[in-house]
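Below: one structure, written as structure tokens.
Note that these values count all heavy atoms, side chains included, but never hydrogens, waters or copies made by symmetry. One-based numbering along the sequence shown. None of these values were measured; they are calculated from a predicted model.
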Amino acid sequence: MAAAAGLHQDVLARILLLLSCIVDRVRASAVNKHWRRVSLQNPPPLPRLLRPSTAQTETYRIFGGFGDPRPSVSDEGRGLRFCGSAPGGWFVTSAEPWRGHALLHLRTGERVALPERVRIPLNSGDITCPMMIRAAVMSAEPPSGACFVAAITSSQTNMAFWRPGMDCWLSPPVGMGPARRSTEDLTYYDGWFCAVDSEDYLVCYKPEIAPAGDGASSLTIRTNAYKFHAHGHQTAPGEIVSHYLLPSASGADLLMLSGQVLFVGRACSKAFDTGHAGSPGYIYFLDDVYTRRPHSVVQQKEYSCADAGRWRYLVPDEIDRCLPWAAPSDTSPCIWYHH
């Protein structure tokens, strides 16, 4: 135990990064002064709130105070629409509705351009057409060979996939799985891109690299679809209901459970274990639900930041407006920053 108490700070920092449970982090920081100091220098991987605009891109720490020092971010994020986020500080962004798609590392400003057209396989032959990204997620950081990007699109197809080296997005073949036009959210979980729609369908896509002629390779998409049934809520007239997918930070679950802190947002949700499986949890949510369904996100002239806050299982009829207020953004909805 004495040896563990004096672990080198680099080794201890690596150990702390593996602790996705908030309570485990608190217990680790209480071992001694050395562990507490290293723990404070390596905060838990809880997301920050990101508020983009043309003027500036602001970040806020949810736990520990909104006035805490904020990490520096690149000016490359100004004026962009943020379509999804991934661990490590990466985002999928768009400069214009139909153009300027890219992967962006917000801290360093590193940018990987994405194609602006999608290839759709048809029985009569492939076609290509422009596409608009509504929401998108990544499987791994570029330029890793494990990096794939999946996007919910507004085009002649509803889903598109890309990996480094491709000059065009790829749509799943027509007739492969249900043709979902009302997809609301997607995430990457356990090797699959999972998408949920307003009709209670969960569709899972798995991009795979297949050998082609002359030693080349091609991308193929496997698809599985599941119908699930939501219980306990009847939609009232005029009420807007939105579906989200929440992977756990540990990667073990794709569930909404008690005993967790849930950060909910389009293509950026994540659940963190509090260490108390039987106790109520919290949901932090963003202002990203629109009256004409999520596809209208790309048609907004301004994006409200007011309808955001925290909901507690213990007090189901109360919303805590605990997130800092801001004027509407002229470029993008708020998003969770998994730095």
Test applied, ring-ring contact (aromatic ring centres under 6.0 Å, His included); reference residue, Tyr205; option that passes from Tyr188, Phe193, Phe161, Trp192: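 Of the listed residues Tyr188, Phe193, Phe161, Trp192, the ring-ring contact (aromatic ring centres under 6.0 Å, His included) partner of Tyr205 is Phe161.
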Sub-4.5 Å side-chain heavy-atom contact between Ile127 and Leu122: yes
Salt bridge (Lys or Arg N to Asp or Glu O under 4.0 Å) pairs, two or more places apart, involving residues 110-119: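 The answer is Arg119-Asp126.
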Residue pairs involving residues 146-160 (criterion salt bridge (Lys or Arg N to Asp or Glu O under 4.0 Å); sequence neighbours excluded): none
Of the non-hydrogen atoms in [X] and [Y], which two are nearest, and what is the gap between them?
X	Y	answer
Thr220	Ala210	CG2-CB, 4.1 Å
Leu219	Leu170	O-CD2, 3.2 Å
Arg99	Ser94	O-OG, 3.5 Å

For Ala146, side chain to side chain contact (heavy atoms under 4.5 Å, CB included) partners two or more places apart: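 Testing Ala146 for side chain to side chain contact (heavy atoms under 4.5 Å, CB included), a comparison that skips the adjacent residues, returns Ala140, Ser144.
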With rounding to the nearest 0.5 angstrom, report the [atom1] to [atom2] distance, [X] to [Y].
X	Y	atom1	atom2	answer
Asn158	Thr153	CG	OG1	5.5 Å
Asp185	Ile152	CG	CD1	6.0 Å
Glu76	Phe91	CD	CZ	14.0 Å
Cys194	Tyr189	SG	OH	8.0 Å
Lys270	Ser248	NZ	OG	8.0 Å

Partner residues of His338 under the ring-ring contact (aromatic ring centres under 6.0 Å, His included) criterion, sequence neighbours left out: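 By the ring-ring contact (aromatic ring centres under 6.0 Å, His included) rule, His338 matches no residue at all.
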Neighbour count above 12 (heavy atom, 6.0 Å) for Asp10 CG: yes
Donor-acceptor side-chain pairing of Ser242 and Arg266 below 3.5 angstrom: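 The answer is yes; a qualifying pair exists.
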Between Arg312 and Tyr282, a side-chain donor and acceptor under 3.5 Å: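 Arg312 vs Tyr282: no donor-acceptor pair found between side chains.
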All salt bridge (Lys or Arg N to Asp or Glu O under 4.0 Å) counterparts of Glu208, not counting sequence neighbours: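 Expected list: Arg222.
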Sequence-distant partners of Asp190, salt bridge (Lys or Arg N to Asp or Glu O under 4.0 Å), two or more places apart: none
